[in-house]
Amino acid sequence: MPRPDKITGGCLCGAIRYTINITPEIPWPPTRNGTCQCTMCRKHGGGLMQIGCTFPNSAIEPPLSSYPDFVQYSSSKEAYRGFCKTCGSSLTWNFKDGNETEILLGTVDEEILTSQVGSELCASKSHRWCANAVKGVTDNLPGEMIQN
């Protein structure tokens with residue numbers, strides 16, 4: 001499958017839309033994607049795992065902070081979690097001092113997720129906080145299992 005030029009997505013109500021430009025510097029298939037089973041990710045996303053892929057902020061247009069509905073919650077001393085204040089869709093995770101953003105892959109447009117691009121985008125390379133795995137449900141995923 002050839003690399004895509006872009007990936008689009010947004011929140012449930014449509015107040016926030018983004019385009020990720022897949023520049024030559026961004027590896028394809030992605031190498032910075034994975035799941036997290038920590039309590040904060042579970043609470044933020046409402047599922048047993050959060051799955052995301054990290055991209056340079058410069059690849060995301062327009063900047064998510066340009067949307068009045070985009071809010072960030074300081075969930076720890078190191079990181080923010082971004083969401084839409086209108087519909088509540090969880091959108092991002094990022095370090096406070098970083099120049100990258102992890103886009104939560106459930107916000108990618110359906111036609112991309114259900115294509116070969118979506119399969120490559122969502123094939124998690126690693127799984128974090130596996131000490132919190134739900135036995136028999138989330139403890140036997142393909143890829144590197146990291147305890148914390």
Side-chain angles (χ1 to χ4, degrees), residues 3-113 117-134 137-139 141-148:
R3 68 187 291 119
D5 294 327
K6 63 183 180 177
I7 294 170
T8 56
C11 67
L12 180 62
C13 71
I16 300 168
R17 295 286 306 156
Y18 61 79
T19 297
I20 303 165
N21 295 302
I22 307 300
T23 60
E25 302 82 44
I26 296 173
W28 194 266
T31 57
R32 307 241 355 250
N33 56 355
T35 67
C36 185
Q37 298 187 54
C38 79
T39 301
M40 285 190 279
C41 284
R42 286 180 174 162
K43 299 287 184 183
H44 179 61
L48 296 178
M49 295 182 293
Q50 178 169 286
I51 181 169
C53 191
T54 302
F55 297 98
N57 290 341
S58 60
I60 303 168
E61 293 181 344
L64 295 175
S65 61
S66 70
Y67 288 103
D69 288 304
F70 182 73
V71 216
Q72 289 187 305
Y73 169 66
S74 179
S75 60
S76 69
K77 62 183 177 183
E78 296 94 15
Y80 290 115
R81 295 171 188 275
F83 61 96
C84 174
K85 73 177 183 180
T86 299
C87 66
S89 292
S90 299
L91 296 161
T92 64
W93 181 95
N94 59 295
F95 284 112
K96 291 181 177 179
D97 61 355
N99 57 1
E100 299 175 314
T101 296
E102 181 176 288
I103 297 289
L104 304 187
L105 297 180
T107 67
V108 171
D109 288 337
E110 195 74 19
E111 64 271 8
I112 295 170
L113 284 178
V117 168
S119 296
E120 293 174 353
L121 178 65
C122 297
S124 297
K125 306 296 184 278
S126 65
H127 309 283
R128 303 215 179 276
W129 286 95
C130 293
N132 294 356
V134 177
V137 179
T138 66
D139 62 343
L141 303 168
E144 181 183 8
M145 303 293 276
I146 302 166
Q147 295 304 306
N148 58 19

Checklist line | Phe55 side chain reached by Ile22 side chain, heavy atoms, under 4.5 Å | finding: yes

Next item on the list: For the residue pair Leu105 and Cys53, establish whether any side-chain heavy-atom pair is separated by less than 4.5 Å.
Entry: yes

Check: Does any N or O in the side chain of Tyr67 come within less than 3.5 Å of the main-chain N or O of Arg17, such that one atom is a donor and the other an acceptor?
Finding: yes

Margin query: Using only atom types and a distance under 3.5 Å, with no angle test, would you say the side chain of Thr86 pairs donor to acceptor with the backbone of Asp69?
Written below: no

Margin query: Please enumerate all residues that pass side chain to side chain contact (heavy atoms under 4.5 Å, CB included) together with Pro56, with sequence neighbours excluded.
Written below: Ile26, Ser58, Ala59

Notebook entry, point to check: Can you check whether Ile112 reaches Glu110 side chain to side chain, under 4.5 Å on heavy atoms?
Noted result: no

Checklist line | Results of ring-ring contact (aromatic ring centres under 6.0 Å, His included) for Tyr73 - residues two or more places apart only | finding: none

Check: Taking only residues two or more places apart in sequence, or in another chain, which ones meet Thr138 in a side chain to side chain contact (heavy atoms under 4.5 Å, CB included)?
Finding: Gln37, Arg42, Leu48, Met49, Ala133, Val134

Checklist line | Non-hydrogen side-chain atoms of Glu100 and Phe95 separated by less than 4.5 Å | finding: no

Item checked: Residue pairs fulfilling salt bridge (Lys or Arg N to Asp or Glu O under 4.0 Å) with at least one residue in residues 123-133, sequence neighbours excluded -> none

Checklist line | Distance (rounded to the nearest 0.5 Å) between His127 NE2 and Thr35 OG1 | finding: 5.0 Å

Next item on the list: First locate atom SG of Cys130, then atom CG of Asp139, and finally report the distance between them rounded to the nearest 0.5 Å.
Entry: 9.0 Å

Note to self: Could you check whether any side-chain heavy atom of Asn33 comes within less than 4.5 Å of a side-chain heavy atom of Cys122, counting everything from C-beta outward?
What the structure shows: no

Next item on the list: Could you tell me whether a side-chain N or O of Thr92 sits under 3.5 Å from a main-chain N or O of Gly82, the two making a donor and an acceptor?
Entry: yes

Notebook entry, point to check: So, for His44 and Leu91, which heavy atoms are closest and what is the spacing to 0.1 Å?
Noted result: NE2-N, 4.4 Å

Check: Going through the distances and angles, do Leu64 and Gln72 end up as a side-chain contact (heavy atoms from CB on, under 4.5 Å)?
Finding: CA-CA 10 Å; Leu64 295 175; Gln72 289 187 305; over 6 Å; no

Notebook entry, point to check: Can you tell me how far the SG atom of Cys41 sits from the CH2 atom of Trp129, to the nearest 0.5 Å?
Noted result: 10.0 Å

Checklist line | Steps toward side-chain hydrogen bond (donor to acceptor under 3.5 Å, both in side chains) verdict (Asn57, Thr101) | finding: CA-CA 6 Å; Asn57 290 341; Thr101 296; 2.5 Å; yes

Check residues 4-15 and write down every donor-acceptor pair under 3.5 Å in which the side-chain atom is one partner and the other belongs to a residue at least two apart or another chain.
| residue | atom | partner | partner atom | Å |
| --- | --- | --- | --- | --- |
| Thr8 | OG1 | Asp109 | OD2 | 2.6 |

Checklist line | Closest contact, heavy atoms only, Cys38 versus Asn132 | finding: CA-ND2, 3.6 Å

Check: Do you know which two heavy atoms are closest between Glu120 and Pro29, and how far apart they sit?
Finding: CB-CB, 4.2 Å

Note to self: As an exercise, state the distance from OG of Ser90 to NZ of Lys43, rounded to the nearest 0.5 Å.
What the structure shows: 13.0 Å

Check: Taking side chain as C-beta onward, heavy atoms only, is Trp28 less than 4.5 Å from Leu121?
Finding: yes

Note to self: Strictly by salt bridge (Lys or Arg N to Asp or Glu O under 4.0 Å), give each pair with a member in residues 77-99 just once, sequence neighbours left out.
What the structure shows: none

